[in-house]
Amino acid sequence: MAIETLVLGAGQEVGKSCVVVNINGKRIMFDCGMHMGVSDHRRYPNFSLISPTGDFDTALSCIIITHLYCINTLFLRFHYFLIIKISHSLILYSYIFFFGIICDSHLDHLGALVYFTEVCGFHGPIYMTYPTKALAPLMLEDYRKVLVERRGEEEQFNSDHIAECMKKVIAVDLRQTIQVDKDLQIRAYYAGHFTLFEYLTLILKVLGAAMFHAKVGDSEMVYTGDYNMTPDRHLGAAQIDRLRLDLLITESTYGTTIRDSKYAREREFLDAVHKCVSAGGKVLIPTFGLGRAQELCILMDDYWERMNLKVPIYFSAGLTKQANVYYKMLINWTSQKIKDSYPTNNAFDFKNVCKYERSVLDTPGPCVLFASPGMISGGLSLEVFKRWAPFENTLVALPGYCLPGTVGHVLMSKPPKIELDPNTKIDVRCQVHQLAFSPHTDSKGIMDLIKFLSPKHVILVHGEKPKMVSLKEKIHSEMGIPCYHPANNETVSVPSTVYVKAQASDAFMERCLKPNFKLHKCSSQELSIKTLTDKNIVPELQVINEKAVFIVEDKSKKLKVVHNDEVLVMLGEKKTED
Amino acid sequence: MLHSLFSILELYSASTLSSSFITLLLMMIRRTPLLSSSEKITLLYLHHRSELHSQAKKKWNVSSLLSLSQARETFGKKTANVIPARFLGGKCDFATCLSKGRGSHFPPCHILNLGGIKILLDCPLDLSALTPFSPVTTAFYALPSLEEDKVDANNDVGSMAVPAKRQKIENQPENKTLIFAEPWYKTVMNLHLWNPSFIDVVLISSPMGILGLPFLTQMKGFSAKIYATEVSARLGELVMRDLVSMHKELKQFYGPTETDFPVWLRQEEVEKIPSVLREIILGKDGTELGGLRPLYSEADVNDCVLKIQKLKYAEEVCYNGILVIKAFSSGVEMGSCNWILDSPKGDVGYLSNSSFISSQVAAFDYQSLQGTDALIYSDFSTLNSTEDVEDEENESVQLADKLLMSSHGLVGLYHNAKEDSEEMEKLAFICSCAIESIKGGGSVFIPINQFGIFLQLLEEVSKAIDASAMKVPIYIISSVAEDLLAYLNIVPEWLSRQRQERLFDGEPLFDHVKLLEDKKIHVLPNIHSEKFWMHSREPCIVFCSHWSLRLGPVVHLLQRWHKDPKSLLILEGGVNPQLALLPFKPMAMKVLRCHFQPGIGLHRVRPLLETLQPKTLLFPEEFRSHISFPSEKFCSVLYYAEGETSKVSCKDGSELKIPATLASNFYWNAFKEQEINLARLNGELIIENARYHLLLDNTEKNSNGRTNSVSFRKPELEKLLATFSNFGINASVEHQKMNSESQIQCVIHTADPYKAVIEIGTSSVVITTAGENVASHLYKALDSVLKGN
């Protein structure tokens, strides 16, 4: 039997994440993202490959949305390990994303969902975690507005579509086992993660990364999202160690970079901000309403508290206030630290953060302003930038990656002038600080995970082709695991494990549990050969439990595992004939 | 310890023992965790047989010792039996009902023995046993008069300074009969017959089922793994903390105790307790004395909570690889659950108190309990509530009658709007009563321990107040109220669909968040807080925890309002109001009794069980007269009673999973006459998630070239040698003799083309060669001989 993986999006590219896995007739779609870089039909995955007739209800068992953002959300990190168990095969779909990639790319995983369910017509179940379900409509609506109102594009779906789509969504809790139908079951897990909260406590872990586990009959598969093996090994590891994976599907963005210390980068960032405000300057932090903004806000609020700073912090992002309501209710999805301090000290009641008003722009004196959108691609952040950029004591702190073509990207090269359009030129005298973004999983992380899980096959998606190729080579040479990196619309087929069921007799079980040990001594010569070949250390003395055990197949083709004595009884008649 | 106890008993068996000495002995026996339960019983039994029996019986009301020795018959043997079979998978499963509980505060308690693994289901406290104790206020006023009467010179409280407010008690004679001492708490008596170190797993099904757990976790030798849902554990922790802090007040009042053994437990003091109250605390025949314990400390609570492994609904956890444990929503309280226990021998379901009507919490997930091998039905709420209805007839309390258990019309199994609306009507009625009382200038007092109902009432009452355009403050007084309210707003995953919609709409889950912001409700940690006395305006509405009306703020507020005919007390059903309100007599306050405890409902039990289709059903004896099961629909029904063990035989054999890659390498031997095929297994047996797996054995243990292949027919030597030469093998027989020890009949050596030794025994042939290929070659030759026959 085989597991077929059809890559509809994010094959040898970044964005438009969409993978359809077919095991034993159960087809599951992971993510349903859209590509932001293109505006024609290529924006959406080629759904016709799932079902040429457009009958998606029979073609797909369910859709699982693994995460909402790729921007670095504070803790609502909706990236999961997803284990799918179908018949006897285990697949791990691992998805790692780094934050701040493109402003619009928070719809990488979700963007095409509304289009697929409402326009193409899919009526089956869709699974997301609670935070994803709560925040998805916000993001979708926000994005729809961007598309229609700012870009002036034709509306692909409307607000009603979003509401209708969300009705089909079934929210799942972490570690909850959901029975999709008789055969298929899914489960989401923590995968262990941490973010810049390390800065606050140095030991703190922010959790929220999860994995999904799905099961059809006996086969299991894991879809992993953002994971981090090193800092939180016990959590993530504890959940996946018992899996026997046939396939691991993993994201490979930044597969070749190595992470540096986050703590140092954050301190650098805060120092830069502090230096600027103490010199009476203004700080502009272009960011998005959700995720990264809250993260920085907590970071700065804490810093302000400790340093006893009185400089006001303003927050302009409209989404933020609304989002904070969700954040408060979903605090269980946050780190233990935030959870424990909840009733007395809610991390989201920022003490030093004030509400933004327009008058702030021209008020003299130092201040910090969070303005959306990030990358200074338009809106308030661009407006503020135009005003403040000509002053030398202003600091523009870019908290994330900036796409080529945006002001943010140009700013990174620190030019003296920026030409917005032929008529507008801005003198840039301000300082620029970029908070280096960390790819969530570097090659070490991916390698660690693969080493830990030792799956039979690995498929790489969502990454730049050259990096994928080098990672693939590395996996193949270092671990000897077959590795694939299919392009879009390609299918990879790998064999799956199949189990035969047998009935074990009580006598057999009893004998097995009361072992009859034998000591077996390896000669030192043998030992050295084995150690060389297996890499496993073979103890010189081994305990071996030898028993006469048989498997019996009777006329109805039923298998029975029995003990020696029982076999003799079964064959008793024959014996007497002799 | 044990020996000294024995010697003491022997020494004194002939002489007369003072009752206090017997008491001391009993105390020592009970306090000795080192003794296993059977030993304890033996001790008690010994005591029983002594000449003192009649004296003890008279003085101590210990006729019950007989029943304890019977208990030994019931439990002792099984305790002894379990150990050798532990984890090896016995032929039977055992289920013992330790207590069928009483109401929502005291859930049932069972012990299961699944293939050698002992599982304790819930560990509650019987809070109704607090009733015979005097609340602190009454004690405060009543004690001086007791002292005057010289009833109790030894009482520790005697030295306390007491203000002269004595007139209050003179006309309440019954008040005096309450126990004026630091209360002890009643655990499940039958649980103490089990050695705690033999319990492997503890499952907590509801927040109230956790209250007795610190007693267990602090016992020496206790090492069981404890599982509870996240919310049960958290709410349970809050309730325990509340209990400990409420108890502190009484502790401070009575001062430190001089001895471990309280004065009120002395024979002569116990006799003074009226029989009704004595029965509550000591049980019908006085046996339950052994279950009494002084309260645990806060440190014990912390210690206990740390030991709990927290689960989500429908999460699979695996105990020792052999037992998969899953919790499913029971729809009664936040975090309350039913259990599925899956072992290689089959699965067992535990149906605790459940409800189809759940407007607040996640719906009763009965589908997940379908098709189990055995199902333990343990929802006693229906029975309790019918009993309550009978009790009610004797009650002088008028108002409540029409609220009690309104509908019994047979409706479908599934969620039913009618009952839902009746539930709402009940709440609406309470609200209207509350509003009426407030309009009349009286306060409303609602002591309640059920979180779901509490939140619902809070919302409804505040809505009703808003509707009536009055400005009435609502107080919530509890040491843990702040934590509780904050916590309840962050558990959307555990709530009903309707509540979850609020999350997705971006609203707080419960109204209290907004009410707190608007300062319409006030949360106070205790009654003594300045804020309350400074700002409390009457009429007002006060919520606080129930505690059988004996602990905490409820006592003070009742003391304050019991004489006010305008005020209204809303009392949860399930408690005996006569006794509960005893310290506050005469009651001028209006009392509204409501039955809040939801259950499956008698009329739904049968359809539910028909849907669940367990192969074996364990059903309470008490229900036998209420519900009958047609035999054609159920495989088997076993009735159980408190303190009895039911035996469920489980299926023979377990499932073993073999990977197809391994299975395809089997070398099958066909036996045509028996119509079976036979193959030898070689692999690694592991147990994972309650299933056995046979995996490919990677260790090359046959590196010495010794291969075992066993056949079932004795080969004829001549034929074998002939066949060998046909195969081109040069073989010679070394010796041919009967060796009784090794059962080797002859040994054949082959030299050309391979070197091998073939030992032919009475029931086996062993080929020893240098390589596997050689062995298989020889085996084929041997096989052809055997088949050629």
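Order of the sequence lines fixes the chain letters, A, B, ..., with proteins taken first and strands second; residue numbering starts at 1 for each chain. We use all heavy atoms of the structure for the numbers below, so side chains are in, but hydrogens, waters and symmetry mates are not.
Of the listed residues (B:S654, B:P344, B:A327, B:S368), the one with the most heavy-atom contacts under 4.5 Å to chain A is B:S654.
For the residue pair A:Q503 and B:E655, the shortest heavy atom distance occurs at NE2-N, 4.3 Å.
The structure places CE of A:M166 at 7.5 Å from CZ of B:F504, a figure rounded to the nearest 0.5 Å.
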